[in-house]
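So that the names make sense, note that chain A is the first sequence line, chain B the second, and so on, each numbered from 1. In what follows, every heavy atom counts, from backbone to side chain, and hydrogens, waters and symmetry copies are set aside. Remember, it's a predicted structure, so these values are computed and weren't measured experimentally.
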Protein chains: 2
Amino acid sequence: MTTRKDIAERNDRTLLQAARDVLAEDGAHASVAAIATRAGVGIGSLYRRYKTKEELFQRLSLLSLDHWNEAAEQGLADSDPWAGLTAFIHSCVAFGQGTLAPVAGTIEVTQEMSAKARRGDELLDELVRRAHQAGVLRRDVTAVDISLLIEQFGRSPVVDQLRKQGRGDLLPAAAEARRRLIAIALDGLRPGHGPLPGSPPGEELFTGRWSSE
Amino acid sequence: MTTRKDIAERNDRTLLQAARDVLAEDGAHASVAAIATRAGVGIGSLYRRYKTKEELFQRLSLLSLDHWNEAAEQGLADSDPWAGLTAFIHSCVAFGQGTLAPVAGTIEVTQEMSAKARRGDELLDELVRRAHQAGVLRRDVTAVDISLLIEQFGRSPVVDQLRKQGRGDLLPAAAEARRRLIAIALDGLRPGHGPLPGSPPGEELFTGRWSSE
DNA sequence: GCAGTTGCGGAGCGATTCGCTCCGGCATAG
DNA sequence: CTATGCCGGAGCGAATCGCTCCGCAACTGC
């Protein structure tokens with residue numbers, strides 16, 4: 001038997017997960033109604049828990065930062081620097097750390113958030129330092145590179161589009177393909193490659209059609 | 001002196017470029033008004049050239065496919081298989097090949113589009129086959145992997161967000177950081193690494209908080 | 001210099017969707 | 001069986017959507 005309290009607690013968790021998923025698919029366009037529907041609750045219930053849409057996103061942002069920090073600490077707990085670093089990256093990518101980017105500019109940043117973000121930076125720095133020292137990470141890769149890599153892979157256009165089109169049957173294949181991509185990128189982090197740019201390898205490859213970038 | 005005809009021609013090119021940029025920043029939410037404003041023309045002018053929003057996107061889609069095919073042909077023209085392949089990838093990423101993904105499901109696919117897409121697949125296959133034969137590309141990397149890599153890097157959450165926030169001053173640094181990421185991924189494509197998954201390296205890294213994926 | 005023509009920008013249309021409120025109905029407690 | 005409180009969703013005003021249409025400015029032929 002499920003009491004009403006059980007349901008309430010489950011909704012709390014489900015709501016944030018739904019928010020993350022909808023955010024991944026719809027970007028900044030994500031609507032409160034879509035999040036509530038995805039979570040399987042009414043709009044009223046959502047607003048009983050979070051006063052505004054912004055409050056929901058702030059809460060989600062905090063959860064995201066918490067996950068980052070916990071994953072980094074778990075990574076540091078691993079005695080193998082390379083295993084710890086890659087476990088951290090995998091965890092963050094799977095969590096979808098990049099999905100909040102579209103709304104990052106629309107919500108107010110609390111000092112709790114910035115404090116946790118600062119701690120997250122420190123943890124990642126340590127993760128990278130350890131890997132450098134052990135010689136398992138190419139020297140010219142910085143902590144910033146790792147952050148960007150996580151953010152870049154945190155959203156998957158292919159997976160998002162499939163999910164929106166309701167082709168859930170293809171999701172496993174897409175997820176697998178994505179894991180292959182991440183594995184490729186991780187291999188690129190190992191030592192023994194030429195130096196990174198600097199100036200890009202082939203500056204003017206692009207047709208003159210586009211000027212930007 | 002600029003005649004009216006000059007302006008008209010320039011608008012034609014500028015319009016598609018603006019559409020691509022706005023699409024990158026706003027995703028499927030991109031509005032016609034935003035595209036016209038970005039291009040520096042009135043809404044009326046946009047609708048004089050394209051009957052509907054869909055027609056504009058279809059035209060952009062064709063342009064995107066043309067760029068893919070031209071870049072692939074240029075890559076094949078290079079006698080060095082690795083240089084040709086990486087030049088192709090760089091060109092497609094810089095063009096922003098992934099930015100159309102959010103609207104791909106909303107526009108009707110003409111047979112001209114699917115024909116060009118098929119040709120693009122063939123060209124990429126040949127690019128990959130050459131590289132495999134020359135031994136400069138790891139054996140377990142497929143053409144699909146390359147496509148996904150291009151799509152994944154075709155959008156840059158960081159760059160898009162900076163541009164939306166009007167921090168144009170930071171764009172060069174962000175673009176540079178992005179190039180570093182691509183270089184890392186390309187290095188991961190070289191031979192001499194362990195096999196790709198298959199089953200992911202660390203299946204249950206993730207906290208149990210999220211169930212999806 | 002003047003009338004005629006062409007193409008431009010943007011105000012404004014109806015429709016849609018947004019964040020959010022509020023209330024009728026149902027499940028549970030006593 | 002009554003009383004209580006939480007739930008879902010209809011519906012509010014505001015904002016935004018794709019798109020039309022017209023007044024004005026810029027150029028041409030005389």
Enquirer: Rounded off to whole Å, could you give me the CZ-to-P distance for the B/F57 and D/dC17 pair?
Expert: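 About 12 Å, once rounded to whole Å.
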Enquirer: Indicate the atoms forming the closest heavy-atom contact of B/A19 with B/L60, along with that distance.
Expert: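 In terms of heavy atoms, the two residues are closest at CB-CD2, 4.0 Å.
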Enquirer: Identify the pairs formed between an N or O of the protein and an N or O of nucleotides 23-25 of chain C at a distance under 3.5 Å, and give each distance.
Expert:
none

Enquirer: Can you sort out the partners of B/E55 under salt bridge (charged side-chain N to carboxylate O under 4.0 Å, His left out), two or more places apart, ordered by chain and number?
Expert: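 None.
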Enquirer: Grab the CZ-P distance between A/R49 and D/dC6 for me, whole Å please.
Expert: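 Interatomic distance, CZ of A/R49 to P of D/dC6: 10 Å.
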Enquirer: Check side-chain hydrogen bond (donor to acceptor under 3.5 Å, both in side chains) between A/S114 and all other residues, then give those that pass, not counting sequence neighbours.
Expert: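 Here no residue qualifies.
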Enquirer: With A/K53, which residues qualify under side-chain contact (heavy atoms from CB on, under 4.5 Å), at least two apart?
Expert: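 Here the qualifying residues are A/V32, A/F57.
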Enquirer: Report the residues that fulfil ring pair (Phe, Tyr, Trp, His ring centres under 6.0 Å) with A/H29, sequence neighbours left out, ordered by chain and then residue number.
Expert: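 If we apply the ring pair (Phe, Tyr, Trp, His ring centres under 6.0 Å) test to A/H29, skipping adjacent residues, the hits are B/H29.
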Enquirer: Among pairs that include at least one residue of residues 91-109 of chain B, which meet salt bridge (Lys or Arg N to Asp or Glu O under 4.0 Å), considering only residues two or more places apart or in two chains?
Expert: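 Pairs touching residues 91-109 of chain B that pass the test: none.
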Enquirer: Only counting residues at least two apart or in another chain, list the ones meeting side-chain contact (heavy atoms from CB on, under 4.5 Å) with A/A28.
Expert: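 Partners of A/A28 by the side-chain contact (heavy atoms from CB on, under 4.5 Å) criterion, ordered by chain and then number, come out as A/P102.
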Enquirer: How close or far is atom P of D/dA10 from atom CG of A/L46, stated in whole angstroms?
Expert: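 Going from A/L46 (CG) to D/dA10 (P), I get 17 Å.
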Enquirer: If a protein heavy atom is under 4.0 Å from the base, mark B; if only from the sugar-phosphate, S; if neither, -; do that for nucleotides 16-21 of chain C going 5' to 3'.
Expert: --SSBB
Enquirer: Among residues two or more places apart or on two chains, list those pairs meeting salt bridge (Lys or Arg N to Asp or Glu O under 4.0 Å) that have a residue in residues 147-156 of chain B.
Expert: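 Listed by first then second residue: B/R155-B/D160.
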